[in-house]
Amino acid sequence: MREVRLVYFAWVRERIGVGDEIVSLPDTVVTAGDLIAFLKTRGEDYAAALEHENVIRVAIDQEHVEHDEALGSAREIALFPPMTGG
Amino acid sequence: MASAPAPLSAPAPVTVRVQAEDFDTAAEIEALSAGRTDIGAVVTFSGLCREEKGALSALELEHYPGMAEAEIRRICDEAITRFDLQGATAIHRFGRIDPGDRIVLVIAASTHRQAAFDGASFIMDYLKTAAPFWKKEHLKDGTARGWVSAKDADDTARDRWTQG
């Protein structure tokens, strides 16, 4: 097990119900995609927020990554919807 | 025979700010170009909040503090290199934005106009699709219409920079 800080934005944050949290990850969680699958098992709010996995964007230590990216020694992992700034 | 090293030109200045407050477009152009005699073209893009046919009360702009600045800076640095810009400024607001208010400012400076037009366009296309900001619409009837959906057209606009 290892601990990471997770941060959520926009409707991902609203559906999960918190903006950030410290979560212990089992060793089976290797990639960003594994993390999303793991979080979906944590309850209905998570399952609803992450239902459409392919639209969820992931940033590791504030840099965009694909879902097959290994989490490595990430300190902060962010999950959020496609961006709509500008 | 040893030749003297080429003089290093000063790095093109990049200014990135993410802030709640409004900004002064003329002052930002002046800050970028004052005292410079190498700049021949300055292109400015301003993004404003539309009223959506009178229905919109305000936009609420959420951002990822830290990453928003870092991502915009990465985009500007890429534009400086790719278009050989003489400087770039990008300012993006967050929080409540009323119809008619400014949301974003991009300024690109170069020796000639085409690089400045392209640089500003490139920065905006990537800013819209890669900078971590999200818009939520609040309507005049007091309801929240919800989060604005990302548009395929924005991805298409971005992708033209990576095609042949």
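Per chain, numbering begins at 1; letters A, B, ... match sequence-line order. For the numbers below, each heavy atom of this structure counts, side chains included, while hydrogens, waters and symmetry mates do not.
- B/K136 contributes no side-chain N or O that, together with a main-chain N or O of A/W11, makes up a donor-acceptor pair within less than 3.5 Å.
- The two residues B/A90 and B/I72 come nearest to each other via the heavy atoms CB-CG2, 3.6 Å.
- With hydrogens and angles disregarded, a donor-acceptor distance shorter than 3.5 Å links the side chain of B/Q19 to the backbone of B/E21.
- Proximity to chain B among residues 72-83 of chain A is limited to A/E76, A/A78, A/F80, A/P81, A/P82, A/M83, judged by heavy-atom separations below 4.5 angstrom.
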For this session: Check step by step if side-chain contact (heavy atoms from CB on, under 4.5 Å) holds for B/F133 and B/V104.
Result: CA-CA 11 Å; B/F133 290 86; B/V104 61; over 6 Å; no
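- If you measure heavy-atom distances from A/A10 to chain B, the contacts under 4.5 Å come from both the backbone and the side chain.
- The closest donor-acceptor contact from the side chain of B/H112 to the backbone of B/G40 lies at 3.5 Å or more, if one exists at all.
- The number of heavy-atom neighbours closer than 6.0 Å to CZ of B/R113, taken from other residues, nucleotides and ligands shown, is 12 or below.
- Of the listed residues B/G47, B/A68, B/G66, the one with more heavy-atom pairs under 4.5 angstrom with chain A than any other is B/G66.
- You'll find the side chain of B/E137 reaches within 4.5 Å of the side chain of B/L59, heavy atoms only.
- No donor-acceptor pair closer than 3.5 Å links the side chain of B/T15 to the backbone N or O of B/T89.
- One hydrophobic cluster, built from ILVMFWY side chains closer than 4.5 Å, holds both B/W147 and A/I56.
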Exercise. Checking salt bridge (charged side-chain N to carboxylate O under 4.0 Å, His left out) for the pair A/K40/A/E53: CA distance, chi angles, key distance, verdict?
Worked result: CA-CA 10 Å; A/K40 286 171 80 169; A/E53 284 183 31; 2.9 Å; yes
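- Only the side chain of B/R74 comes within less than 4.5 Å of a heavy atom of chain A; its backbone N, CA, C and O stay farther away.
- Near-neighbour residues of residues 117-129 of chain B relative to chain A, defined by a heavy atom under 4.5 Å from a heavy atom of that chain, comprise B/M124, B/L127, B/K128, B/T129.
- The side-chain heavy atoms of A/I16 and A/L39, taken from C-beta on, include no pair separated by under 4.5 Å.
- Proximity to chain B involves both the backbone and the side chain of A/E63, based on heavy atoms less than 4.5 angstrom apart.
- The contact between B/A130 and chain A is made by backbone and side chain atoms together, counting heavy-atom distances below 4.5 Å.
- Of the atoms belonging to A/V7, it is side-chain heavy atoms, and not backbone ones, that fall under 4.5 Å from chain B.
- Residues B/L48 and B/L105 do not share a hydrophobic cluster, clusters being chains of Ile/Leu/Val/Met/Phe/Trp/Tyr side chains in contact below 4.5 Å.
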